[in-house]
Amino acid sequence: CAAHRELEFITRFGSDGFVQRRLAEVSHQDVVDVLLELIDKSSGKLGASQVVPELKKIRADFKTVVDGAGGPKQFCAAHRELEFITRFGSDGFVQRRLAEVSHQDVVDVLLELIDKSSGKLGASQVVPELKKIRADFKTVVDGAGGPKQFCAAHREL
């Protein structure tokens with residue numbers, strides 16, 4: 001059995017032992033995929049204290065992977081798909097990390113807003129309107145130096 005990865009010999013005190021099929025090794029991505037399913041089933045958030053017990057119910061090796069990373073918080077920090085949120089007075093929770101916003105995402109939404117406003121959108125309305133749709137849009141515009149510089153950098157605007 002030692003020469004074949006797919007087999008393992010198990011010895012138990014007081015018995016001859018037995019041969020069994022070796023379980024496939026668990027990857028970090030396997031744990032991420034299962035954790036995302038659990039998050040989705042929990043309405044988008046999974047309490048931090050539930051992460052390890054829920055993973056362990058599915059497969060004991062999942063707990064080993066998370067513990068090996070330093071716990072749920074460190075495991076989430078190492079994987080882009082996951083985000084660990086800490087809240088004062090609670091143990092926190094795990095959720096899907098929102099997809100990063102591109103400049104083109106902001107341009108597309110801004111063009112829609114302009115079209116809905118009869119072709120013009122007041123400069124003072126740009127950031128508040130974008131922020132209503134998604135807070136990350138404001139971050140992108142601010143990072144460009146504000147609405148004027150953002151628009152100057154994009155020919156469509």
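We count residues from 1, following the sequence as given. Please read these numbers as outputs of a predicted model, since none were measured by experiment.
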Any residue meeting salt bridge (Lys or Arg N to Asp or Glu O under 4.0 Å) with D33, in chain and number order, not counting sequence neighbours: none
Can you spot which of K132, K131, Q125 makes a side chain to side chain donor-acceptor pair (under 3.5 Å) with E129? K132
Would you check if the side chain of R97 reaches a backbone N or O of L82 as a donor-acceptor pair within less than 3.5 Å? yes
If every non-hydrogen atom of G145 is compared with every non-hydrogen atom of Q149, which pair is closest and at what distance? O-OE1, 2.7 Å
Looking only at non-hydrogen atoms, find the nearest pair between V66 and P72 and report the distance. CG1-N, 3.6 Å
Please verify the inter-ring angle class for H103 with F150; under 30° counts as parallel, over 60° as perpendicular, anything in between as tilted. parallel
Identify, with sequence neighbours excluded, every residue that meets side-chain contact (heavy atoms from CB on, under 4.5 Å) alongside D40. R96
Ignoring hydrogens and angles, state whether a donor on the side chain of T139 or D136 is under 3.5 Å from an acceptor on the partner side chain. no
Please check: side-chain N/O of S15 versus main-chain N/O of G17, any donor-acceptor pairing under 3.5 Å? yes
In Å and rounded to the nearest 0.5 Å, what is the CZ to OG distance from F93 to S49? 12.5 Å
So if you build clusters from Ile, Leu, Val, Met, Phe, Trp, Tyr with side-chain heavy-atom gaps below 4.5 Å, do I58 and V94 land together? yes
Does CZ in R80 sit with more than 12 non-hydrogen atoms of other residues, nucleotides or ligands closer than 6.0 Å? no
Euclidean distance, Q95 CD relative to C76 SG, rounded to 0.5 Å: 10.0 Å
Indicate if I85 and I39 have the same hydrophobic cluster label, given that clusters are the connected sets of ILVMFWY residues with side-chain heavy-atom separations under 4.5 angstrom. no
Do you know the tightest heavy-atom contact between F84 and D91? CZ-O, 3.6 Å
If you apply the rule side chain to side chain contact (heavy atoms under 4.5 Å, CB included), what do you find for L130 with K138, and how did you get there? CA-CA 6 Å; L130 287 172; K138 178 186 181 312; 5.8 Å; no
Evaluate L35 against E81 for side chain to side chain contact (heavy atoms under 4.5 Å, CB included), listing each step before the verdict. CA-CA 10 Å; L35 197 47; E81 303 98 315; over 6 Å; no
When clusters are formed by joining ILVMFWY residues with side-chain heavy atoms under 4.5 Å apart, either directly or through shared neighbours, do V140 and L121 land in the same one? yes
